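Notes follow the structure.
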Amino acid sequence: MWSQKTRYALRALIHLSLQEDRRASAGDISRRCEIPQKYLESILADLRRGGMLESSRGKSGGYRIVREPSTIGFVDVLNLTDPEFLRCSHRQQEDRAGSEEPFLEDLQRSFVEQAKGASLAEVVLKWQALQRSSDYSI
């Protein structure tokens, strides 16, 4: 449904949300989140320009989330990483004349409407629940 860039941005934001005000280097995020570092650096720059992250240079530098995860909407991330996805979901019915995939566009619009209410905090909580449910011992 959405781009690989959006998936990677969410992985990085989840990782940084769990750092509790500590900074993480691009290399660390790349390794832990399995994101190619060069591509990640571009994504982190977008998130920084979008006001979600701050970065600092030096030995103790790195990236840190600057907004509370509850104030970062999933749609905010989509807007930075995949704005075309949002534009397509806002097309009017009359603009779709001749479109081969009106059903898929309707699904996309429905998804965006649901995503408007989701925050990064919710994504983090669901990710943590999945991690707990997959961590079991025999």
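The basis for the numbers below is simple: all heavy atoms, side chains too, and nothing from hydrogens, waters or symmetry mates. Worth saying up front: this structure is predicted, and the values here are computed from it rather than measured.
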Using 0.5 Å steps for rounding, measure from the [atom1] atom of [X] to the [atom2] atom of [Y].
| X | Y | atom1 | atom2 | result |
| --- | --- | --- | --- | --- |
| Leu18 | Leu13 | CG | CG | 11.0 Å |
| Cys33 | Leu10 | SG | CG | 10.5 Å |
| Ile29 | Arg11 | CD1 | CZ | 13.0 Å |
| Tyr39 | Ser30 | OH | OG | 13.0 Å |
| Ser25 | Gln37 | OG | CD | 7.5 Å |
| Asp28 | Arg23 | CG | CZ | 14.0 Å |

Counting only heavy atoms not in Arg57 (residues, nucleotides, ligands), do more than 12 fall under 6.0 Å from its CZ?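 Counting neighbours around CZ of Arg57, 12 or fewer heavy atoms of other residues, nucleotides or ligands fall under 6.0 Å, so no.
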
Identify, with sequence neighbours excluded, every residue that meets side-chain hydrogen bond (donor to acceptor under 3.5 Å, both in side chains) alongside Arg49.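 Checked Arg49 against side-chain hydrogen bond (donor to acceptor under 3.5 Å, both in side chains); matches are Asp46.
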
Grab the two heavy atoms, one from Leu44 and one from Ala12, that are nearest each other, plus how far apart they are.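 Nearest pair, atom of Leu44 first, then Ala12: CD2-CB, 4.3 Å.
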
Output yes when a side-chain donor or acceptor of Glu122 lies under 3.5 Å from a complementary backbone atom of Ser119, and no otherwise.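 Present.
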
State whether the side chain of Asp82 and the backbone N or O of Ser3 hold a donor-acceptor pair below 3.5 Å, judged by distance alone.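 Yes; at least one donor-acceptor contact below 3.5 Å.
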
Test item: [X] and [Y] side chains (from C-beta on) under 4.5 Å apart, heavy atoms:
| X | Y | answer |
| --- | --- | --- |
| Leu120 | Ser17 | yes |
| Gln128 | Val124 | yes |
| Ile43 | Leu80 | no |

Run the side-chain donor-acceptor check on residues 61-76: report pairs under 3.5 Å with partners two or more places apart or on a different chain.
residue : atom : partner : partner atom : Å
Arg64   : NE   : Glu54   : OE2          : 3.0
Arg64   : NH1  : Asp21   : OD1          : 2.5
Arg64   : NH2  : Glu54   : OE2          : 2.7
Arg67   : NH2  : Thr71   : O            : 2.4
Thr71   : OG1  : Glu68   : O            : 2.7
Asp76   : OD2  : Gly73   : N            : 2.9

